[in-house]
**Q** 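Mind looking over this structure? Questions follow.
Residue numbers begin at 1 in each chain, while the letters A, B, ... track the order of the sequences.
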There are 2 protein chains.
Amino acid sequence: MENDALLRLDNQLCFVLYACSRGLTKTYRPLLAKLDITYPQYLVMLILWEKDGVSIKALGEKLYLDSGTLTPLLKRLETAGLVERRRSSTDERVVQIYLAQKGVDLKKKAYAVPETLLCRSGLTVDQFIGLKTELTALLERIRAFDAATSSCLPEQE
Amino acid sequence: MENDALLRLDNQLCFVLYACSRGLTKTYRPLLAKLDITYPQYLVMLILWEKDGVSIKALGEKLYLDSGTLTPLLKRLETAGLVERRRSSTDERVVQIYLAQKGVDLKKKAYAVPETLLCRSGLTVDQFIGLKTELTALLERIRAFDAATSSCLPEQE
DNA sequence: ACAACATGTATTGTGCGCAATTTAATTTTG
DNA sequence: CAAAATTAAATTGCGCACAATACATGTTGT
């Protein structure tokens with residue numbers, strides 16, 4: 001047969017990424033439970049704490065998520081009283097997301113989250129930055145391929 | 001205020017991991033569509049191609065997934081004719097998963113998948129191994145913390 | 001032997017992700 | 001300016017993840 005090594009689970013970089021991502025989300029979960037939000041909701045809040053009134057499209061471009069994911073997520077954040085959804089007055093198609101007072105206030109409690117995570121990762125700041133840099137580069141290469149829908153190896157039909 | 005930099009999205013290692021994991025899964029999707037399976041289903045098949053007759057519990061330990069995820073996933077693989085689910089004769093609690101003939105045959109078509117992925121990652125084999133090693137170490141530290149349910153920083157109530 | 005406990009799987013319910021389609025508003029074009 | 005094309009959200013449907021619970025089978029201690 002051909003080379004089975006590439007098919008072996010413990011050789012798969014993608015599986016480690018997948019497991020790492022879920023593992024980190026699991027670490028976040030009890031911390032974010034104190035804020036009554038999930039990890040994807042936390043990511044949205046991070047963006048809004050930087051800049052208010054962002055459109056759903058802009059949120060999607062930052063998080064690589066589409067309206068099918070964001071629309072219900074934002075409705076839950078609105079129900080929770082953290083944000084408000086308002087149609088833009090200049091373009092009725094776009095929905096802009098604004099922090100409600102409760103959402104503004106939540107930022108104070110959020111400071112402890114990334115501090116705890118950095119600590120639990122067991123990484124030095126340099127390792128942390130190095131790993132992030134490598135993964136960002138990988139992400140960009142992957143996304144470039146995905147966007148192009150081009151193939152790398154001939155896709156044996 | 002405190003240090004806002006840690007709260008900024010582009011400083012978050014976890015987000016890059018989350019985005020990378022989803023990006024790679026997206027790259028897998030069209031390749032696996034040719035095999036009519038999803039990425040988590042592919043992971044199960046990888047294990048079965050190495051060793052047949054694995055229990056659901058053993059699958060869960062390798063993939064860090066529980067029966068709530070695996071039971072319906074395996075039923076879909078069974079419906080697709082790729083595997084069979086049989087209760088162990090020595091312990092009626094245990095369900096063992098066996099490759100059906102169609103599942104055995106699928107392995108041939110699967111060889112192209114990791115080759116394409118390695119290529120598209122744009123990584124040399126050394127970079128690939130280095131990154132995997134770092135992430136594996138991170139995963140183990142994270143999982144150790146998750147398992148202990150211990151805290152790193154005092155969890156401000 | 002049998003009650004208490006442990007174990008492996010299944011079920012229920014919630015929240016993502018994402019493809020595909022729909023709807024409404026805006027822009028572009030002939 | 002009206003028809004066609006584009007764009008932003010929403011909707012629908014399916015498959016994970018995962019907490020919590022239920023249930024059946026095994027094991028242990030007395």
**Q** With a non-hydrogen cut-off below 4.0 angstrom, is B:T69 in contact with a base, only sugar-phosphate, or nothing?
**A** base
**Q** Could you check how far CG of A:L65 sits from C1' of D:dA10, rounded to whole Å?
**A** 16 Å
**Q** Measure CZ/B:R87 against P/D:dT25 and give the value in whole Å, please.
**A** 8 Å
**Q** From the 5' end of DNA chain C to its 3' end, which nucleotides mark the outer limits of contact with chain A, defined by a 4.0 Å heavy-atom distance cut-off (strictly under)?
**A** C:dG15 to C:dT26
**Q** Please give, in whole Å, the distance from D:dG15 P to B:L43 CG?
**A** 17 Å
**Q** Rounding to an integer number of Å, can you tell me how far B:R22 CZ sits from D:dA17 C1'?
**A** 14 Å
**Q** Under 4.0 Å between any heavy atoms, over every strand shown, what does B:T38 touch: base, sugar-phosphate, or nothing? Just pick one.
**A** sugar-phosphate
**Q** Using OP1 and OP2 only, check whether a side-chain N or O of A:Y18 sits under 4.0 Å from D:dA17.
**A** yes
**Q** On DNA chain D, compare the nucleotides closest to A:K26 and A:L70; which residue's is nearer the 5' end?
**A** A:L70
**Q** Output the rounded distance in Å from NZ (B:K75) to C1' (D:dG15).
**A** 15 Å
**Q** Tell me, yes or no, whether the heavy-atom count around B:K107 atom NZ, taken from other residues, nucleotides or ligands under 6.0 Å, exceeds 12.
**A** yes
**Q** Is A:R143 reaching over with its side chain to a backbone N or O of A:Y64, donor-acceptor style, under 3.5 angstrom?
**A** no
**Q** Start at the 5' end of DNA chain C and walk down; is the nucleotide closest to A:D91 or to A:Y39 reached first?
**A** A:Y39
**Q** So, do A:M45 and A:L35 sit near enough that their side-chain heavy atoms are less than 4.5 Å apart?
**A** no
**Q** Nearest nucleotide by nearest heavy atom, which residue falls closer to the 5' end of DNA chain C, A:R76 or A:S89?
**A** A:R76
**Q** Would you say that B:K75 contacts B:T71 through its side chain, given a criterion of any heavy-atom pair below 4.5 Å between the two side chains?
**A** yes
**Q** Quick one: does any side-chain atom of A:E78 pair with a main-chain N or O of A:R85 as donor and acceptor, under 3.5 Å?
**A** yes
**Q** Check for a donor-acceptor pair, side chain of B:D126 on one end and backbone N or O of B:I129 on the other, with a separation under 3.5 Å.
**A** no
**Q** So, under a plain 3.5 Å distance rule, would you say the side chain of A:S67 forms a donor-acceptor pair with the base of D:dA8?
**A** no
**Q** Base, sugar-phosphate, or nothing for A:L73, non-hydrogen atoms under 4.0 angstrom?
**A** sugar-phosphate
**Q** Assign A:S55 to base, sugar-phosphate, or nothing according to its heavy-atom contacts below 4.0 angstrom with the strands shown.
**A** sugar-phosphate
**Q** Once you round it to whole Å, what is the distance between P of D:dA19 and OH of A:Y28?
**A** 17 Å
**Q** Give the rounded distance in Å between these two atoms: CD1 of B:I56 and C1' of D:dT25.
**A** 15 Å
**Q** Treat each ILVMFWY residue as a node, draw an edge where side-chain heavy atoms are under 4.5 Å apart, and state whether B:V54 and B:V95 are in one component.
**A** yes
**Q** Verify the contact: side-chain N or O of A:Q96 to OP1 or OP2 of D:dA8, cut-off strictly under 4.0 Å; return yes or no.
**A** no
**Q** Please pick, from D:dA9, D:dT6, D:dT25, the nucleotide with the shortest atom-to-atom distance to any side-chain atom of A:V94.
**A** D:dA9
**Q** Between B:P40 and A:R85, which has a closest nucleotide on DNA chain D that is more 5'?
**A** A:R85
**Q** Using modelled atom types only, decide if a donor and an acceptor are shared between the side chain of B:R86 and the backbone of B:Q96 within a distance under 3.5 Å.
**A** no
**Q** Can you tell me the distance, in whole Å, between the CD1 atom of B:I37 and the C1' atom of D:dC14?
**A** 17 Å
